[in-house]
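For reference, the structure is listed below as C-alpha coordinates.
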Amino acid sequence: AQSVTQLGSHVSVSEGALVLLRCNYSSSVPPYLFWYVQYPNQGLQLLLKYTTGATLVKGINGFEAEFKKSETSFHLTKPSAHMSDAAEYFCAVTLNTDKLIFGTGTRLQVFP
Amino acid sequence: GAVVSQHPSWVICKSGTSVKIECRSLDFQATTMFWYRQFPKQSLMLMATSNEGSKATYEQGVEKDKFLINHASLTLSTLTVTSAHPEDSSFYICSARDQGRANQPQHFGDGTRLSIL
(Lines give C-alpha, C1' and ligand atoms only; values in the text may rest on other atoms or scores of the structure.)
Protein backbone atom coordinates (compact mmCIF):
# COMPACT_ATOMS: atom_id res chain seq x y z
CA ALA A 1 0.00 0.00 0.00
CA GLN A 2 1.10 3.53 -0.66
CA SER A 3 1.48 6.26 1.91
CA VAL A 4 2.67 9.85 2.06
CA THR A 5 4.42 11.69 4.87
CA GLN A 6 4.73 15.44 4.92
CA LEU A 7 7.24 16.60 7.49
CA GLY A 8 6.22 19.82 9.16
CA SER A 9 2.57 20.80 9.39
CA HIS A 10 3.59 24.47 9.37
CA VAL A 11 6.40 26.21 7.51
CA SER A 12 7.11 29.93 7.81
CA VAL A 13 9.40 31.89 5.51
CA SER A 14 10.11 35.51 4.75
CA GLU A 15 9.09 36.95 1.44
CA GLY A 16 11.91 36.33 -1.03
CA ALA A 17 13.30 33.37 0.88
CA LEU A 18 13.58 29.79 -0.32
CA VAL A 19 10.52 27.59 0.15
CA LEU A 20 11.11 23.90 0.91
CA LEU A 21 8.16 21.61 1.66
CA ARG A 22 9.06 18.02 2.35
CA CYS A 23 7.28 14.91 1.11
CA ASN A 24 8.32 11.29 1.48
CA TYR A 25 6.35 8.41 0.06
CA SER A 26 6.10 4.69 0.48
CA SER A 27 5.22 2.51 -2.48
CA SER A 28 6.10 -0.98 -3.62
CA VAL A 29 6.30 0.15 -7.25
CA PRO A 30 7.21 3.48 -8.86
CA PRO A 31 4.31 5.78 -8.12
CA TYR A 32 2.85 8.88 -9.68
CA LEU A 33 3.43 11.88 -7.42
CA PHE A 34 1.60 15.18 -7.18
CA TRP A 35 1.68 18.45 -5.34
CA TYR A 36 -1.57 20.35 -4.90
CA VAL A 37 -2.20 23.76 -3.33
CA GLN A 38 -5.38 24.72 -1.46
CA TYR A 39 -6.41 28.26 -0.68
CA PRO A 40 -8.97 28.86 2.10
CA ASN A 41 -12.43 27.51 1.35
CA GLN A 42 -11.39 26.32 -2.09
CA GLY A 43 -10.65 23.04 -3.78
CA LEU A 44 -7.23 21.82 -4.77
CA GLN A 45 -5.18 23.18 -7.63
CA LEU A 46 -2.50 21.07 -9.25
CA LEU A 47 0.98 22.56 -8.93
CA LEU A 48 2.94 19.81 -10.63
CA LYS A 49 3.11 16.08 -11.20
CA TYR A 50 5.65 13.36 -11.78
CA THR A 51 4.72 10.28 -13.77
CA THR A 52 7.76 9.14 -15.73
CA GLY A 53 10.80 10.66 -17.38
CA ALA A 54 12.70 13.66 -16.08
CA THR A 55 12.94 13.58 -12.31
CA LEU A 56 13.00 17.37 -11.91
CA VAL A 57 9.51 18.62 -12.55
CA LYS A 58 8.58 22.24 -13.02
CA GLY A 59 5.13 23.45 -12.15
CA ILE A 60 3.08 26.58 -12.00
CA ASN A 61 3.88 29.71 -10.01
CA GLY A 62 7.62 29.00 -10.02
CA PHE A 63 7.43 25.77 -8.03
CA GLU A 64 9.40 22.68 -8.83
CA ALA A 65 9.95 19.25 -7.28
CA GLU A 66 12.50 16.51 -7.71
CA PHE A 67 11.68 12.82 -7.62
CA LYS A 68 14.45 10.99 -5.78
CA LYS A 69 13.84 7.29 -5.85
CA SER A 70 16.79 6.47 -3.58
CA GLU A 71 15.39 8.78 -0.91
CA THR A 72 11.71 8.07 -1.68
CA SER A 73 11.21 11.81 -1.66
CA PHE A 74 9.40 14.42 -3.73
CA HIS A 75 10.17 17.72 -2.02
CA LEU A 76 8.62 20.93 -3.32
CA THR A 77 10.75 24.04 -3.70
CA LYS A 78 10.51 27.62 -4.85
CA PRO A 79 13.56 29.89 -4.94
CA SER A 80 11.80 33.02 -3.78
CA ALA A 81 8.58 33.07 -1.76
CA HIS A 82 5.81 35.51 -2.52
CA MET A 83 3.04 36.61 -0.21
CA SER A 84 0.51 34.98 -2.53
CA ASP A 85 2.15 31.58 -1.92
CA ALA A 86 0.63 31.41 1.55
CA ALA A 87 -1.69 28.39 1.46
CA GLU A 88 -2.01 24.71 2.36
CA TYR A 89 0.08 22.32 0.28
CA PHE A 90 -0.67 18.64 -0.17
CA CYS A 91 1.58 15.94 -1.53
CA ALA A 92 -0.22 12.94 -3.03
CA VAL A 93 0.70 9.54 -4.44
CA THR A 94 -1.07 7.07 -6.65
CA LEU A 95 -0.23 4.06 -8.75
CA ASN A 96 -2.63 4.85 -11.54
CA THR A 97 -3.79 8.48 -11.10
CA ASP A 98 -7.15 7.33 -9.81
CA LYS A 99 -7.04 6.61 -6.12
CA LEU A 100 -5.02 9.45 -4.63
CA ILE A 101 -3.46 9.11 -1.21
CA PHE A 102 -2.84 12.51 0.35
CA GLY A 103 -0.37 13.62 2.96
CA THR A 104 -1.57 15.55 5.97
CA GLY A 105 -0.69 18.88 4.40
CA THR A 106 1.74 21.69 5.17
CA ARG A 107 0.55 25.21 5.84
CA LEU A 108 2.94 27.75 4.36
CA GLN A 109 3.09 31.21 5.90
CA VAL A 110 4.97 34.01 4.21
CA PHE A 111 6.00 37.03 6.22
CA PRO A 112 6.81 40.42 4.71
CA GLY B 1 -7.59 23.42 -19.07
CA ALA B 2 -9.85 20.91 -17.40
CA VAL B 3 -12.45 22.54 -15.19
CA VAL B 4 -14.57 20.91 -12.52
CA SER B 5 -17.52 22.84 -11.18
CA GLN B 6 -19.07 22.03 -7.83
CA HIS B 7 -22.39 23.37 -6.56
CA PRO B 8 -23.41 24.66 -4.11
CA SER B 9 -20.30 26.14 -2.56
CA TRP B 10 -21.93 26.55 0.83
CA VAL B 11 -25.06 25.16 2.42
CA ILE B 12 -26.61 25.38 5.85
CA CYS B 13 -29.56 23.22 6.72
CA LYS B 14 -31.45 21.73 9.62
CA SER B 15 -30.69 18.34 11.06
CA GLY B 16 -32.65 15.59 9.35
CA THR B 17 -32.79 17.11 5.90
CA SER B 18 -31.07 15.73 2.82
CA VAL B 19 -28.54 17.74 0.86
CA LYS B 20 -27.49 17.20 -2.74
CA ILE B 21 -24.11 18.34 -4.05
CA GLU B 22 -23.36 18.43 -7.78
CA CYS B 23 -20.03 17.92 -9.47
CA ARG B 24 -19.65 18.70 -13.16
CA SER B 25 -16.77 18.35 -15.58
CA LEU B 26 -17.20 21.37 -17.82
CA ASP B 27 -14.89 20.73 -20.74
CA PHE B 28 -14.15 17.04 -20.65
CA GLN B 29 -15.85 13.73 -20.08
CA ALA B 30 -15.26 11.83 -16.89
CA THR B 31 -16.37 8.23 -16.58
CA THR B 32 -15.02 8.33 -13.06
CA MET B 33 -15.34 11.05 -10.44
CA PHE B 34 -14.20 11.06 -6.85
CA TRP B 35 -15.72 12.39 -3.65
CA TYR B 36 -13.57 13.50 -0.74
CA ARG B 37 -14.28 14.79 2.72
CA GLN B 38 -12.04 17.21 4.54
CA PHE B 39 -12.28 18.04 8.23
CA PRO B 40 -10.91 21.38 9.48
CA LYS B 41 -7.13 21.59 9.26
CA GLN B 42 -6.91 18.01 8.02
CA SER B 43 -6.19 16.23 4.79
CA LEU B 44 -8.62 14.90 2.22
CA MET B 45 -10.10 11.48 2.75
CA LEU B 46 -11.50 9.61 -0.22
CA MET B 47 -15.11 8.67 0.43
CA ALA B 48 -16.09 6.99 -2.80
CA THR B 49 -15.37 6.57 -6.47
CA SER B 50 -18.28 7.43 -8.71
CA ASN B 51 -18.61 5.40 -11.89
CA GLU B 52 -20.77 6.52 -14.80
CA GLY B 53 -23.63 4.12 -15.38
CA SER B 54 -22.82 1.82 -12.46
CA LYS B 55 -22.69 1.73 -8.69
CA ALA B 56 -20.19 3.79 -6.79
CA THR B 57 -17.32 2.17 -4.95
CA TYR B 58 -17.20 3.24 -1.32
CA GLU B 59 -14.16 3.32 0.91
CA GLN B 60 -14.11 1.32 4.08
CA GLY B 61 -16.11 2.95 6.84
CA VAL B 62 -18.23 5.15 4.55
CA GLU B 63 -21.95 4.44 4.79
CA LYS B 64 -23.33 4.03 1.29
CA ASP B 65 -26.91 4.54 2.47
CA LYS B 66 -25.88 7.78 4.11
CA PHE B 67 -23.91 9.17 1.22
CA LEU B 68 -25.79 8.39 -1.98
CA ILE B 69 -23.85 8.83 -5.20
CA ASN B 70 -25.33 9.03 -8.66
CA HIS B 71 -23.28 9.34 -11.85
CA ALA B 72 -25.88 9.44 -14.58
CA SER B 73 -23.85 11.14 -17.29
CA LEU B 74 -20.26 11.56 -18.37
CA THR B 75 -20.15 15.08 -16.97
CA LEU B 76 -22.21 14.94 -13.78
CA SER B 77 -21.96 13.15 -10.47
CA THR B 78 -24.08 13.96 -7.41
CA LEU B 79 -23.54 13.25 -3.74
CA THR B 80 -26.61 13.27 -1.52
CA VAL B 81 -26.12 13.39 2.22
CA THR B 82 -29.30 11.80 3.53
CA SER B 83 -30.86 12.73 6.86
CA ALA B 84 -27.92 14.93 7.64
CA HIS B 85 -26.80 15.45 11.23
CA PRO B 86 -24.29 17.86 12.78
CA GLU B 87 -21.51 15.25 12.58
CA ASP B 88 -21.90 15.32 8.80
CA SER B 89 -20.80 18.94 8.76
CA SER B 90 -17.62 19.11 6.73
CA PHE B 91 -16.00 20.31 3.52
CA TYR B 92 -16.84 18.01 0.62
CA ILE B 93 -14.71 18.11 -2.52
CA CYS B 94 -15.15 16.29 -5.81
CA SER B 95 -12.61 15.59 -8.50
CA ALA B 96 -12.54 14.15 -11.99
CA ARG B 97 -9.96 13.03 -14.48
CA ASP B 98 -10.01 13.47 -18.22
CA GLN B 99 -9.74 9.83 -19.10
CA GLY B 100 -9.61 10.55 -22.78
CA ARG B 101 -6.02 11.67 -22.30
CA ALA B 102 -3.15 9.62 -20.87
CA ASN B 103 -1.51 10.39 -17.53
CA GLN B 104 -3.91 13.15 -16.64
CA PRO B 105 -4.17 14.18 -13.00
CA GLN B 106 -7.39 14.66 -11.10
CA HIS B 107 -8.91 18.12 -11.27
CA PHE B 108 -10.79 19.34 -8.25
CA GLY B 109 -13.90 21.36 -7.74
CA ASP B 110 -13.91 24.28 -5.31
CA GLY B 111 -15.64 22.27 -2.62
CA THR B 112 -18.90 22.50 -0.72
CA ARG B 113 -18.98 23.57 2.89
CA LEU B 114 -21.85 21.79 4.59
CA SER B 115 -23.09 22.99 7.97
CA ILE B 116 -25.86 21.06 9.71
CA LEU B 117 -27.58 22.85 12.54
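In what follows, chains carry the letters A, B, and so on, assigned in the order in which the sequence lines appear, proteins first and then strands, with residues in each chain numbered from 1. Quick caveat, the model's predicted, so the values are computed rather than measured.
- In this structure, CG in A:Leu44 is found 11.5 Å from OH in A:Tyr89, a value given to the nearest 0.5 Å.
- Of the two parts of B:Glu59, only the side chain, counted from C-beta on, holds a non-hydrogen atom closer than 4.5 Å to a non-hydrogen atom of chain A.
- Using a 4.5 Å heavy-atom cut-off against chain B, the contacting residues of residues 103-112 of chain A are A:Gly103, A:Thr104.
- In this structure a side-chain-to-backbone donor-acceptor pair under 3.5 Å is missing from B:Trp35 to B:Cys23.
- When heavy atoms are compared at a cutoff of 4.5 Å, A:Gln38 approaches chain B solely by way of its side chain, counted from C-beta outward.
- The pair B:Arg24-B:Glu22 meets the salt-bridge criterion, since a charged nitrogen lies less than 4.0 angstrom from a carboxylate oxygen.
- Taking the six-membered ring where the residue is Trp, the centroids of A:Phe90 and A:Tyr36 are separated by 6.0 Å or more.
- Taking 4.5 Å as the limit, some side-chain heavy atom of B:Tyr92 sits within range of a side-chain heavy atom of B:Met47.
- Contact annotation for A:Tyr39: neither backbone nor side-chain heavy atoms come within less than 4.5 Å of a heavy atom of chain B.
- Between A:Glu15 and A:Met83, the closest heavy-atom pair is OE2-CG, 3.3 Å.
- At least one donor-acceptor pair closer than 3.5 Å links the side chain of B:Asp27 to the backbone N or O of B:Val3.
- B:Leu46 touches chain A through its side chain: at least one heavy atom from C-beta onward sits under 4.5 Å away, while N, CA, C and O do not.
- For the pair A:Lys49 and A:Phe34, the NZ or CZ position fails the cation-pi test of under 6.0 Å to the six-membered ring centre and within 45 degrees of the ring normal.
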